[in-house]
*Asks:* 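Provided herewith is a single structure, encoded as structure tokens, for subsequent inquiry.
None of the values given here were measured: they were computed from a predicted structure. A note on names: the letters A, B, ... follow the listed sequences, proteins ahead of strands, and every chain is numbered from 1.
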Amino acid sequence: MWLLSQHSRLPALASLRVESVGLPLLRQVNTYLKPTTAALQVFGNYATRNVVNLASSQLTELVANGILTSDFAFSSGYVIVETEGIIIGCALYLPGRLISQFPRHLFTAQTWEDLSK
Amino acid sequence: MTSRSPEQCFASYRSIILDFADFCEKLRHPLPVHLRINTLKALVTETCLRLTRLGIQWILEDPIDIVLRVRNGVRPGHLREYSLGHLHSQAFSSVLAGLILDPKPASLVLDLCAAPGSKTTLLAQLMRNNGVIVANEKNPTRLIPLRTNLKRLGVTNTISVCYPGQHFPKLLAFDRVLVDVPCSGEGTLRTGPDGTLRWSGQSGSRLPSLQRELLLRAFDLLAPNGILVYSTCTYNPDENESVVQCLLDNRPASIEPISLDIPHAPGLERWQEITYDPSIRLCWRIYPHQLDTVGFFLARVGRAN
Ligand SMILES: C[S@@+](CC[C@H](N)C(=O)[O-])C[C@H]1O[C@@H](n2cnc3c(N)ncnc32)[C@H](O)[C@@H]1O
């Protein structure tokens with residue numbers, strides 16, 4: 001599922017051979033809809049619930065291991081991961097653990113080497 | 001690939017570049033690293049603070065408050081802020097092309113040669129993700145970095161398409177058209193450690209004829225009160241003023257003044273045996289000894305009344 005800004009002349013564009021449109025918003029995972037990290041980084045600031053605020057060290061662990069063992073006061077489901085007021089992306093919360101859903105490109109060692117600074 | 005000194009490489013431009021010695025001297029220094037703050041995802045002040053906390057020295061490029069010049073040695077792609085899409089590595093002169101196009105939030109915009117999307121994503125930022133941008137790129141493999149950048153920078157108002165720009169369908173008229181053509185890239189050249197420029201440039205190729213075709217088609221897609229920007233990162237008049245002259249000769253186009261307060265040189269009056277239309281002086285030539293960035297040519301074009 002994709003998101004595109006509204007525009008009165010959009011119908012006229014429909015005759016173009018389109019390769020991609022807007023920003024991917026949700027993906028279907030089994031029977032669930034998973035919000036994309038790309039969309040959460042833009043719109044996650046507007047969320048009022050299901051936001052998990054991680055300390056830098058917790059985020060480092062989640063990035064390094066793909067999983068963070070910890071209890072949060074959520075029911076199971078997709079949550080928005082935030083640290084220091086910055087939206088990082090999407091994770092899946094299951095009782096006692098948070099599982100990263102970040103895309104691979106966010107994970108390069110160099111990119112995150114300064115995470116703890 | 002040729003390896004020559006700046007003086008040898010650009011000897012034919014000695015008569016058109018004021019302070020030619022300073023120009024050549026500047027090419028002996030590395031290109032500065034410029035970062036654009038992506039205000040679709042980040043705030044300028046917070047981003048600057050974070051960079052300071054990381055020990056990165058920066059200055060805002062006056063009067064453009066979204067472009068930072070950072071100390072050499074910073075590898076932008078390694079910054080967390082980069083992968084989160086708060087920052088984009090983009091030459092100052094490349095940012096100017098988008099600012100000069102001046103899209104409005106409701107505009108319908110065509111970016112005719114869009115990949116890898118540095119200017120498309122800037123246009124989306126200036127439009128605050130409103131309106132619609134059609135980002136066209138002829139080369140299908142270059143659509144991949146274009147899409148990656150659109151996603152990383154959180155752009156929601158863009159459709160990507162894949163046409164040879166010179167044959168882009170004339171289905172509708174656009175309020176703004178950017179024609180950032182493929183060019184010989186002379187403006188990106190700086191000397192390596194051996195003091196020579198390594199240049200695999202394509203001057204003398206069929207670039208000017210492709211550039212003319214792209215600009216003519218772009219103009220045909222422009223709405224009556226629309227604005228078009230033609231840009232290259234080369235000093236070569238055959239790819240710059242001569243292409244704009246071809247537009248003036250073949251279409252009811254007018255060259256518009258550019259109202260930014262940035263150091264630049266005017267478009268040329270003549271080159272070799274060619275005398276250009278006087279309005280071409282309103283175009284901008286960006287030279288690195290006047291503005292330390294990639295050399296550029298910018299023309300702001302409207303429809304003549
Ligand atoms: C100077 S680059 C554009 C840079 C881009 N505007 C940016 O700011 O990131 C020129 C682009 O035009 C593409 N191109 C080459 N021939 C083209 C054509 N006939 N129609 C459309 N695009 C073309 C090239 O593949 C290249 O990606």
*Asks:* Tell me which one of B:Glu46, B:Lys41, B:Arg50 satisfies side chain to side chain contact (heavy atoms under 4.5 Å, CB included) with A:Ile86.
*Replies:*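 It is B:Arg50, the one option of B:Glu46, B:Lys41, B:Arg50 that forms the side chain to side chain contact (heavy atoms under 4.5 Å, CB included) with A:Ile86.
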
*Asks:* Report the C-alpha distance between A:Leu23 and B:Val155 in whole Å, list the side-chain angles of each, state the deciding distance to 0.1 Å, and finish with yes or no for side chain to side chain contact (heavy atoms under 4.5 Å, CB included).
*Replies:* CA-CA 6 Å; A:Leu23 195 71; B:Val155 172; 5.8 Å; no

*Asks:* Closest approach of B:Gly154 and A:Val42, non-hydrogen atoms and distance?
*Replies:*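 Smallest interatomic distance, heavy atoms only, reads CA-CG2, 3.4 Å.
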
*Asks:* Can you tell which part of B:Tyr82 gets under 4.5 Å to a heavy atom of chain A, answering side chain, backbone, both or neither?
*Replies:*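 For B:Tyr82, neither part sits under 4.5 Å from chain A.
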
*Asks:* Tell me whether B:Lys151 at atom NZ has more than 12 heavy atoms from other residues, nucleotides or ligands lying less than 6.0 Å away.
*Replies:*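 Not buried by this count: 12 neighbours or fewer within 6.0 Å.
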
*Asks:* What is the distance from atom CG of B:Leu40 to atom CD of A:Gln41, rounded to the nearest 0.5 Å?
*Replies:*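 The CG atom of B:Leu40 sits 12.5 Å away from the CD atom of A:Gln41.
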
*Asks:* In terms of heavy-atom proximity below 4.5 Å to chain A, should B:Leu108 be classed as side chain, backbone, both, or neither?
*Replies:*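 For B:Leu108, the contact with chain A is made by backbone and side chain together.
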
*Asks:* Quick one: are A:Leu16 and B:Ile159 in side-chain contact, heavy atoms under 4.5 Å?
*Replies:*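 No, every pair of side-chain atoms sits at 4.5 Å or beyond.
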
*Asks:* Which bit of B:Ala106 comes within less than 4.5 Å of chain A, counting heavy atoms only: side chain, backbone, both or neither?
*Replies:*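 Backbone only.
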
*Asks:* What's the shortest heavy-atom distance between B:Leu84 and A:Ile87, and which atoms?
*Replies:*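 Minimum heavy-atom separation between B:Leu84 and A:Ile87: CD2-O, 4.2 Å.
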
*Asks:* For A:Arg17 versus B:Cys162, what's the shortest heavy-atom pair and its separation?
*Replies:*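 Heavy atoms of A:Arg17 and B:Cys162 come nearest at NH2-O, 3.4 Å.
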
*Asks:* May I ask you to decide if A:Ser20's main-chain N or O and B:Ser160's side chain share a donor-acceptor pair within less than 3.5 Å?
*Replies:*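 Side chain of B:Ser160 to backbone of A:Ser20: a pair is present.
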
